[in-house]
Amino acid sequence: MNPFETLSAPILAAFSELEPDDLVFAPPPKLDMGDVALRTFECARKLKMPPPAIAARIANEVAFGPDVAEVSTAGPYVNFKLDRAAFGRAIVAEALGRGAGFGSNGSGAGKRALVEHTSINPNASPHVGRARNAMLGDSIVRLLRFEGYDVEVHYYVNDIGRQIALLVLACDDPASMSFDDMLDVYRAANARAEAEPEFAEQGYALLARIEEGDAETRERFHAITDLCLKGQVAVLARLGIAYDSFDRESDHVRDPRLEPVVEALRERGAVFTDEEGRLSVDLSKLGHEHDEGRYIALLRSNGSSMYAYRDVAYTIDKMERGADLNLIVLGEDHKLHMQQIALILDAAGKAAPEPVYYAYILLKEGKMSTRQGKVVLLSEFLDEATARAAEKVDEQCTDLAAEERAAIAEKVAVAAIRFAILRVGANKNVVFDWESSLSFTGDTGPYVQYSCARIASILRKLAAQTGAPAPTEVAGEFPVETDAEWALLTKIASLHETVAAAVRQRSCAPVAQFALDTARLFTTFYHECPVIDAGSDAQRNARAQICMATRQAIENALGLLGIDALERM
RNA sequence: GCGCCCGUAGCUCAGUUGGAUAGAGCACCGGCCUUCUAAGCCGGGGGUCGUGCGUUCGAAUCGCACCGGGCGCGCCA
């Protein structure tokens with residue numbers, strides 16, 4: 001697993017106080033200092049000795065195996081020169097041996113996870129801001145599955161809100177509507193509600209009727225929300241995003257499981273009826289310390305449910321499914337609300353899901369707004385990106401059939417958007433810019449895909465020459481002579497650490513960084529280390545296998561991001 | 001006003017639980033396609049890590065204050 005166990009084992013044997021986690025190996029700043037470095041600050045703390053003294057003792061007193069060529073110190077660091085061939089062979093053997101599972105730590109083996117993400121209101125075509133939720137959620141799902149979790153993906157369909165009622169009112173004849181009309185209809189309905197209070201009143205009346213269980217009204221809502229949901233899911237499917245369960249909010253307007261919760265709140269003295277007759281909660285009685293968000297209403301005076309009620313009910317429903325890990329991906333605007341829900345549930349001795357928040361994607365002109373039509377639609381972006389990618393593919397892959405070229409172009413477009421979104425930390429606002437988003441050069445998904453296409457090309461040509469694909473079994477000599485090869489190999493070996501960090505952070509951003517770093521190191525290798533024209537059979541074979549291991553590492557990393565590695569582009 | 005998030009090169013961002021000289025890309029300048037795909041590579045300029053105190057052997061990273069941006073505090077969800 002860890003290729004540096006050969007280094008850590010003798011150190012642990014010599015210092016019984018130390019544990020494996022105290023030994024942190026990393027590449028030195030310059031490869032001429034050593035092939036790998038150990039820093040001794042952690043050990044020093046534990047052994048209560050100055051770091052340089054520890055470093056000296058490790059260098060002078062510990063007996064390392066034959067794979068360690070030289071041990072030196074540089075202040076608090078111990079630098080090792082290694083038998084690169086031995087380590088390189090082990091790394092490649094591990095990557096090729098584990099294949100699609102390479103980099104997984106198996107931390108989710110035997111565990112179940114439930115992830116709710118996307119949950120866009122079923123009104124109009126999703127914009128790229130909404131899609132950030134979907135991409136973040138989907139990548140976390142992929143990450144958890146990679147780690148061995150059995151994951152269920154849930155999508156909460158908000159099918160009974162005020163905004164939906166307005167949309168329903170505006171669609172007299174749902175059968176004649178298409179999803180593409182919805183954005184305009186939605187916009188117009190909101191504008192009308194703004195101008196005509198009676199129209200907005202009709203919306204509330206409609207909501208009341210569906211809560212009463214009126215079947216015809218329910219049908220009307222479903223017809224519209226289904227149309228919207230199908231359209232939205234189809235766009236998200238282009239990004240490779242799929243769901244296991246669509247849970248309708250309208251199924252949670254009445255729930256007997258809320259009774260014990262309200263009872264628990266009552267016992268804490270946290271329930272009261274407000275001046276408008278609403279059943280409300282005073283969260284200050286539950287430990288909420290601030291004025292803002294202190295009160296939250298559950299039921300209207302007429303007994304109809306408010307969103308907080310439905311959210312509590314739905315959350316209970318999800319939690320009772322018994323997953324070991326429960327996550328929900330939410331825009332940062334939902335922070336307070338989620339805290340409120342969690343407090344209410346906690347008062348009743350129930351747990352809430354762990355939230356993963358993200359900040360908004362902004363336009364140069366300000367924030368996006370579906371109602372005002374100030375948006376960049378996801379489908380619009382994908383179409384434009386695909387068209388741009390197609391130009392390049394058409395000129396570069398002239399031997400491929402048109403459908404094949406089109407499929408590649410679409411995958412490049414998906415890579416561009418997913419990589420651009422997933423590589424930055426979720427809690428950072430990003431400003432959407434058409435020009436840079438459509439650029440496929442530099443730190444981009446297509447750049448990473450390109451490195452895979454080059455690997456595939458080398459291996460294709462090599463196989464054509466020798467008449468057989470390069471073997472996946474690592475055997476015989478394994479020369480590793482250049483820094484370019486070594487740097488690439490140690491990067492590949494670090495994938496499992498990156499994955500572990502991603503799981504801790506609930507974010508695939510480190511994985512995107514890994515893919516980029518690996519692609520860059522490969523490109524250096526590509527320019528410096530000829531494979532087909534290598535100096536010897538052994539070197540050709542070793543380099544071909546380094547290529548395969550690299551492809552496996554990048555492919556696995558891209559897989560977590562929902563991006564396909566490409567054979568050709 | 002109160003709470004949460006963010007502030008690193010002209011621009012967009014990395015920077016694992018504090019650790020060796022703060023890294024990429026874009027843009028700019030100079031090289032490289034009879035050589036495994038130039039969606040590429042090599043070299044160059046460019047930084048008071050928002051500001052100020054503090055904790056520490058050591059701070060972009062931790063704490064406090066301030067400044068700037070985002071979000072929230074609804075019979076919207």
Side-chain angles (χ1 to χ4, degrees), chain A residues 21 24 26 28-30 33 37 39-42 44 50-51 74-77 79 119 121 156 158 160-164 204 207 249 274 276-278 289-295 297 300-302 304 306-308 310-311 331-337 339 357-360 362 367 389 392-393 396-397 412 420 423-431 433 435-437 439-444 446-451 453-462 465 494 497-498 500-502 504-505 509-510 512-513 516-517 520 523-524 526-534 543 547 568-569:
Chain A
D21 285 350
V24 183
K30 290 270 189 281
M33 303 167 80
R39 60 165 208 249
T40 56
F41 302 100
E42 287 77 8
Y77 293 89
N79 291 323
S119 302
N121 285 355
Y156 189 46
N158 172 246
I160 59 167
R162 184 190 97 108
Q163 298 171 41
I164 304 302
Y204 284 116
L207 278 183
E249 183 172 11
D274 73 5
E276 293 174 66
R278 291 175 292 176
E289 287 177 356
H290 306 286
D291 262 356
E292 56 281 354
R294 176 175 167 185
Y295 303 108
R300 296 190 178 90
S301 53
N302 66 2
S304 70
M306 293 188 61
Y307 66 91
R310 288 171 242 135
D311 271 7
E332 64 177 348
D333 52 333
H334 287 74
K335 261 182 195 177
L336 178 58
H337 180 241
Q339 284 164 10
Y357 295 112
Y358 66 95
Y360 279 159
L362 307 172
K367 55 193 247 186
K392 198 87 186 192
V393 177
Q396 215 140 355
C397 305
V412 171
R423 127 190 162 79
V424 316
N427 47 11
K428 232 164 187 158
N429 281 116
V430 310
V431 177
D433 168 55
E435 205 178 322
S436 60
S437 302
S439 151
F440 302 151
T441 65
D443 288 355
T444 65
Y447 171 84
V448 180
Q449 287 178 312
Y450 189 61
S451 68
R454 284 175 146 180
I455 291 172
S457 176
I458 292 173
L459 296 173
R460 252 193 327 267
K461 288 193 169 158
L462 188 63
Q465 218 173 70
S494 73
E497 290 169 20
T498 303
R504 274 199 304 278
Q505 297 174 34
Q513 197 58 42
L516 203 50
D517 291 344
R520 252 198 301 263
T523 308
T524 303
Y526 177 86
H527 285 277
E528 291 180 12
C529 306
V531 178
I532 294 171
D533 293 329
R543 286 180 173 173
C547 285
R568 297 280 308 267
M569 66 185 280

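Every heavy atom of this structure was used, including side-chain atoms; hydrogens, water molecules and symmetry mates were not. Here is how names work: the chains are called A, B, and so on, in the same order as the sequence lines, proteins then strands, and each is numbered from 1. These numbers were taken from a predicted model, which means no experiment stands behind them.
- Because its NZ or CZ atom is not both nearer than 6.0 Å to the ring centre of A:F440 and within 45° of the ring axis, A:K392 does not count as a cation-pi partner of that residue.
- Atoms CG and CG, from A:D433 and A:L362 in turn, are 12.5 Å apart once rounded to the nearest 0.5 Å.
- B:G46 and B:C32 are spaced 24 Å apart, taking the P atom of each and rounding to whole Å.
- Considering only heavy atoms from C-beta on, A:V24 stays 4.5 Å or farther from A:F41 through its side chain.
- At a threshold of 4.0 angstrom between heavy atoms, the contacts of A:A453 include nucleobase atoms, whether or not backbone atoms are also involved.
- Side-chain contact check for A:L207 versus A:S304: every heavy-atom pair is 4.5 Å or farther apart.
- Between the NE2 atom of A:H337 and the P atom of B:C75 there is a distance of 13 Å, given to the nearest Å.
- The partner of B:U16 cannot be assigned: no Watson-Crick or G-U wobble pair with both contacts below 3.5 Å exists in any strand.
- The nucleotide B:G45 finds no pairing partner, because no Watson-Crick or G-U wobble arrangement with both distances shorter than 3.5 Å includes it.
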Using a cutoff of under 3.5 Å, can you pull out all pairs of nitrogen or oxygen atoms linking the protein to nucleotides 9-15 of chain B, with atom names and distances?
unit_1 : atom_1 : unit_2 : atom_2 : d
B:C13  : OP1    : A:N429 : O      : 3.4
B:A14  : OP1    : A:G425 : N      : 2.5
B:A14  : OP2    : A:K428 : NZ     : 2.6
B:A14  : O2'    : A:Q513 : OE1    : 3.0

Close N/O contacts between protein and nucleotides 39-43 of chain B (under 3.5 Å):
unit_1 : atom_1 : unit_2 : atom_2 : d
B:A39  : OP1    : A:Q396 : NE2    : 2.9
B:A39  : OP1    : A:Y450 : OH     : 3.2
B:A39  : OP2    : A:K392 : NZ     : 2.8
B:G40  : OP1    : A:G442 : N      : 3.0
B:G40  : O2'    : A:R454 : NH1    : 2.9
B:G40  : O2'    : A:R454 : NH2    : 3.4
B:G40  : O2'    : A:H527 : NE2    : 3.0
B:C41  : OP1    : A:Y447 : OH     : 2.8
B:C41  : O4'    : A:H527 : NE2    : 3.0

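- Within the 4.5 Å cutoff, side-chain heavy atoms of A:S457 are placed close to those of A:R460.
- Here the separation of B:G23 from B:C62, taken at their C1' atoms, is 22 Å to the nearest Å.
- Rounding to the nearest 0.5 angstrom, the gap separating the CD1 atom in A:I160 from the OH atom in A:Y307 is 13.5 Å.
- Rounded to a whole angstrom, the distance from the C1' atom of B:C67 to that of B:U55 is 23 Å.
- Rounding to whole angstrom units, CG of residue A:D333 and C1' of B:G72 are separated by 8 Å.
- In this entry the distance linking CD of A:E42 with P of B:U16 reads 14 Å, nearest Å.
- Across all strands shown, B:C75 forms no Watson-Crick or G-U wobble pair with both key distances under 3.5 Å.
- More than 12 non-hydrogen atoms from other residues, nucleotides or ligands lie less than 6.0 angstrom from CD of A:Q465.
- Between A:N427 and the phosphate of B:C6, there is a side-chain N or O to OP1/OP2 separation shorter than 4.0 Å.
- Base orientation of B:C33: syn (glycosidic angle within 90° of 0).
- Between A:A37 and A:H334, the residue anchored nearer the 5' end of RNA chain B, judged by the nucleotide with its closest heavy atom, is A:A37.
- Nucleotides B:G40 and B:C4 have their P atoms positioned 43 Å apart, rounded to a whole Å.
- At whole-Å resolution of the value, CG in A:D291 and P in B:C4 are 15 Å apart.
- Summarising the geometry, the separation between CD on A:E292 and P on B:G1 is reported as 13 Å, rounded to the nearest angstrom.
- Atom pair A:Q339:CD and B:G3:P shows a separation of 13 Å (rounding to whole Å applied).
- Between the C1' atoms of B:U35 and B:C28, the separation comes to 30 Å (whole Å).
- Here B:C2 is the nucleotide among B:C75, B:A20, B:C2 with the atom lying nearest to any side-chain atom of A:H290.
- To the nearest 0.5 Å, the span separating CD on A:Q513 from CG on A:D443 amounts to 7.0 Å.
- To the nearest 0.5 Å, the span separating CG on A:L516 from OH on A:Y447 amounts to 7.0 Å.
- Per the geometry, CZ belonging to A:R460 stands 11 Å off C1' belonging to B:C36, to the nearest Å.
- No engagement by A:A512 is indicated, since no non-hydrogen atom pair under 4.0 Å with the nucleic acid exists.
- Taking atom C1' in both B:C11 and B:G52, the straight-line distance is 28 Å, to the nearest Å.
- Between the side chain of A:N79 and the base of B:A20 there is at least one donor-acceptor pair of N/O atoms closer than 3.5 Å.
- The CG-C1' distance, from A:L336 to B:C73, rounds to 6 Å in whole Å.
- Between the side chain of A:R300 and the base of B:C75, at least one donor-acceptor pair of N or O atoms lies under 3.5 Å.
- Using a 4.0 Å heavy-atom cutoff across all strands shown, A:R294 reaches no nucleic acid atom at all.
- Residue A:N302 places its CG atom among more than 12 non-hydrogen atoms of other residues, nucleotides or ligands, all under 6.0 Å distant.
- Between the C1' atoms of B:U17 and B:A77, the separation comes to 37 Å (whole Å).
- Using a 4.5 Å heavy-atom threshold, the side chains of A:M306 and A:R300 count as touching.
- Nucleotides B:C6 and B:U61 are separated by 15 Å at their C1' atoms, to the nearest Å.
- Side-chain atoms of A:D517 and A:R520, non-hydrogen and from C-beta on, do get closer than 4.5 Å to each other.
- With a 3.5 Å ceiling on both atom-pair distances, the Watson-Crick or G-U wobble partner of B:C26 is B:G10.
- When each of A:F41 and A:S301 is assigned the nucleotide of RNA chain B with its nearest heavy atom, A:F41 is the one assigned upstream, toward the 5' end.
- For B:C62, the paired nucleotide is B:G54, the pair qualifying as Watson-Crick or G-U wobble because both relevant distances are below 3.5 Å.
- Judged by Watson-Crick or G-U wobble contacts below 3.5 Å, the nucleotide B:A38 has no partner.
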